[in-house]
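So the structure is just underneath, and the comments pick up after that.
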Amino acid sequence: MNNVLVATYRYRHEGELARGFLADGGIRGVLAADSAARQHARDERVQLFVRAADAERARTILMDDYDLTFG
């Protein structure tokens with residue numbers, strides 16, 4: 001099962017919000033944060049991944065339904 005990147009966020013709470021909207025749509029999202037970036041900056045660049053089979057629907061949910069395509 002391959003995961004693909006569907007969105008990147010500046011702050012973790014933005015990624016958590018987007019992941020919650022995907023969960024409401026039946027899509028499981030996984031967040032990944034660059035911990036090295038947190039040590040050198042005030043933001044952390046959080047990436048949201050979903051299964052490849054769910055990527056198109058996830059992007060539709062994030063862009064069209066909730067406009068959660070930050071970053």
Side-chain angles (χ1 to χ4, degrees):
M1 182 177 345
N2 292 332
N3 287 337
V4 296
L5 177 65
V6 292
T8 301
Y9 301 96
R10 186 170 180 180
Y11 301 106
R12 183 163 194 92
H13 69 273
E14 294 171 339
E16 294 286 356
L17 181 65
R19 185 170 67 168
F21 283 123
L22 292 182
D24 286 347
I27 298 174
R28 182 177 182 273
V30 176
L31 293 175
D34 182 354
S35 60
R38 282 186 297 209
Q39 294 173 2
H40 298 96
R42 293 182 185 185
D43 61 322
E44 59 178 288
R45 299 291 173 200
V46 176
Q47 296 175 319
L48 178 58
F49 293 87
V50 299
R51 291 182 326 143
D54 294 330
E56 184 175 339
R57 188 162 156 252
R59 288 184 182 111
T60 298
I61 289 171
L62 296 175
M63 287 189 292
D64 295 343
D65 296 346
Y66 299 105
D67 193 23
L68 291 175
T69 53
F70 311 119

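Nearest heavy atom pair, residue Ala7 against residue Leu62, reads CB-CD1, 4.2 Å. Of all the heavy atoms in Ala18 and Leu48, the pair that sits closest is CB-CD2, 3.9 Å. Annotation for Ala55 and Val50: closest pair CA-CG2, 3.7 Å, computed over non-hydrogen atoms. Closest approach of Arg51 to Val4, counting heavy atoms only: O-CG2, 4.4 Å.
The hydrophobic cluster containing Phe49 does not contain Ile61, counting ILVMFWY residues as joined when their side-chain heavy atoms lie under 4.5 angstrom apart, directly or transitively. Cluster annotation: Leu31 is connected to Ile27 through the hydrophobic network of ILVMFWY side chains, with a link wherever side-chain heavy atoms come within less than 4.5 Å. Using a 4.5 Å cut-off between side-chain heavy atoms of Ile, Leu, Val, Met, Phe, Trp and Tyr, with links allowed through other members, Val46 and Val30 fall into different hydrophobic clusters.
A salt bridge between Asp54 and Arg57 is absent, with no side-chain N of the basic residue lying under 4.0 Å from a carboxylate O of the acidic one.
For the side-chain contact (heavy atoms from CB on, under 4.5 Å) test, no residue two or more places apart in sequence or in another chain qualifies with Glu56. Residues satisfying the salt bridge (Lys or Arg N to Asp or Glu O under 4.0 Å) criterion with Glu16, sequence neighbours excluded, are Arg12, Arg19.
Rounding to the nearest 0.5 Å gives a distance of 5.0 Å between OG1 of Thr8 and CD of Gln47.
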